**Student:** 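First the structure, then my questions, so here it is.
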Number of protein chains: 2
Amino acid sequence: MKKGAFTCGLDAALFVLGGKWKPLILFHLAHGTRRYGELRRAIGRVSDKVLIQQLKELQADGIVDRTDFGEIPPKVEYSLTAFGRTLGKALVPLCEWGTRNSSGVEAIMVRRKAREHRHAA
Amino acid sequence: MKKGAFTCGLDAALFVLGGKWKPLILFHLAHGTRRYGELRRAIGRVSDKVLIQQLKELQADGIVDRTDFGEIPPKVEYSLTAFGRTLGKALVPLCEWGTRNSSGVEAIMVRRKAREHRHAA
DNA sequence: CTGAATCCTTTTGGATACTG
DNA sequence: CAGTATCCAAAAGGATTCAG
């Protein structure tokens, strides 16, 4: 490894869970194994394409496990690998921060939308 | 507040630091006040436009403070607000995860590039 | 039910040149 | 030094449709 690819560990972590829905996937799988449709409904408004794509990446990256029961009708379960669980744990404080400051963050969201709106005018 | 805008705190936190360089900005400012050019050099390969844009958002969101000394030549300093520091702290475990698993993450990066390359062929 | 394939829109980031 | 303005390329996400 000739060069440090990342300036800090944060970069490395964010590189792994870059993708709009990955953190949410981690969050839901941290609570247990989920079937595909189950996961999709839990996350809500996300397209199959994107969900599948991100699940595949997480799988290729060794974060999630995919178990295909090879049956008809199809049944596939997703869960976290041991590695994935360590990442999930590192995510907890951030999750707690968001929970503690949820009202503050929602205020931020409102202000951002207001700014965008002004800019659109 | 009729609806929970976020399914979990994680979403809220990620909403705030969404943007390629924001985590890195947090990281560098967590170690102290920085002048604009200083920050830019610390981060490395980032354009003025994007850095300024993200700094402005972080400022509008109450994460960073901007102090313009109103002098010639221009001198502007950036630092974290108290709120920003709490977010910085929540980021630490993730940073540590990345550091502990840096080699693993670099391996992931290599494999991803290999996949992209294969796909390009 | 799980997922692949295609097309399309939006968003994001970057290069460059210019200003007080 | 610390930005601003414009233009542009790339990537990411989403809608829809189809298949085993």
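Since we're looking at a predicted model, the values are computed, not measured. Each chain gets a letter, A, B and so on, in the order the sequences are listed, and its residues count up from 1. Any value given below was found using the heavy atoms of this structure, including those in side chains, with hydrogens, waters and symmetry copies removed.
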**Student:** Check step by step if side chain to side chain contact (heavy atoms under 4.5 Å, CB included) holds for V76(A) and T67(A).
**Tutor:** CA-CA 6 Å; V76(A) 178; T67(A) 306; 6.0 Å; no
**Student:** List the atom of L26(B), the atom of G84(B), and the distance in Å for their closest heavy-atom pair.
**Tutor:** CD1-O, 3.7 Å
**Student:** Figure out the CD/P separation between Q54(B) and dT11(C), and round it to whole Å.
**Tutor:** 16 Å
**Student:** Could I get a table of every N or O pair under 3.5 Å where one atom is in the protein and the other is in nucleotides 1-4 of chain D?
**Tutor:**
| unit_1 | atom_1 | unit_2 | atom_2 | d |
| --- | --- | --- | --- | --- |
| dC1(D) | O3' | R35(B) | NH2 | 2.9 |
| dC1(D) | O3' | P74(B) | O | 3.2 |
| dA2(D) | OP1 | R35(B) | NE | 3.0 |
| dA2(D) | OP1 | R35(B) | NH2 | 2.9 |
| dA2(D) | OP1 | V76(B) | N | 3.4 |
| dA2(D) | OP2 | G37(B) | N | 2.8 |
| dG3(D) | OP1 | R66(B) | NE | 3.4 |
| dG3(D) | OP1 | R66(B) | NH2 | 2.5 |
| dG3(D) | OP2 | Y78(B) | OH | 2.9 |
| dT4(D) | OP1 | K56(B) | NZ | 3.3 |
| dT4(D) | OP2 | K56(B) | NZ | 3.3 |

**Student:** Using whole Å, report how far CG of L14(B) lies from P of dG13(D).
**Tutor:**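 Computing the L14(B):CG to dG13(D):P distance gives 12 Å.
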**Student:** Given atom CD1 of I43(A) and atom C1' of dG14(D), what is their separation to the nearest angstrom?
**Tutor:**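 Taking CD1 of I43(A) and C1' of dG14(D), I get 15 Å after rounding.
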**Student:** Report the distance from atom CG of L51(B) to atom C1' of dA15(C), rounded to the nearest whole Å.
**Tutor:**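 In whole Å, dA15(C) C1' lies 15 Å from L51(B) CG.
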**Student:** Any donor and acceptor pair, going by atom type alone, linking the side chain of E38(B) with main-chain N or O of R35(B) inside 3.5 Å?
**Tutor:** yes
**Student:** Among L29(A), L24(A), T33(A), which residue satisfies the side chain to side chain contact (heavy atoms under 4.5 Å, CB included) criterion with L39(A)?
**Tutor:** L29(A)
**Student:** How far apart are the C-alpha atoms of R115(B) and D61(A), what are their side-chain angles, what is the distance that settles it, and do they pass the salt bridge (charged side-chain N to carboxylate O under 4.0 Å, His left out) test?
**Tutor:** CA-CA 11 Å; R115(B) 266 180 278 149; D61(A) 291 352; 3.1 Å; yes
**Student:** Tell me which residues in residues 15-26 of chain B lie within less than 4.0 Å of DNA chain C, going by non-hydrogen atoms.
**Tutor:** G19(B), K20(B), W21(B)
**Student:** Taking atom P of dA4(C) as reference, at what distance in whole Å does atom CG of L55(A) sit?
**Tutor:**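 Atom CG in L55(A) sits about 11 Å away from atom P in dA4(C).
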**Student:** Less than 6.0 Å separating the ring centroids of W21(A) and F27(A)?
**Tutor:**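 Distance test on ring centres: not under 6.0 Å, no.
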**Student:** With nearest nucleotide decided by heavy atoms, which residue, R45(A) or I72(A), maps closer to the 5′ end of DNA chain D?
**Tutor:** R45(A)
**Student:** Hey, could you give me the OH/CG distance between Y78(A) and L51(A), rounded to the nearest 0.5 Å?
**Tutor:**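 Going from OH on Y78(A) over to CG on L51(A), the span is 7.5 Å.
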**Student:** Any salt bridge linking R66(B) with E77(B)? Criterion: basic side-chain nitrogen under 4.0 Å from a carboxylate oxygen.
**Tutor:** no
**Student:** Find the distance R40(B):CZ to dG14(C):P and express it as a whole number of Å.
**Tutor:**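 Computing the R40(B):CZ to dG14(C):P distance gives 12 Å.
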**Student:** Test of understanding: clusters of I, L, V, M, F, W, Y form through side-chain heavy atoms closer than 4.5 Å, transitively. Do L14(B) and V92(A) belong to the same one?
**Tutor:**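 No; V92(A) is not reachable from L14(B) via cluster members.
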**Student:** Report the distance from atom CD of Q53(A) to atom C1' of dG13(D), rounded to the nearest whole Å.
**Tutor:** 8 Å
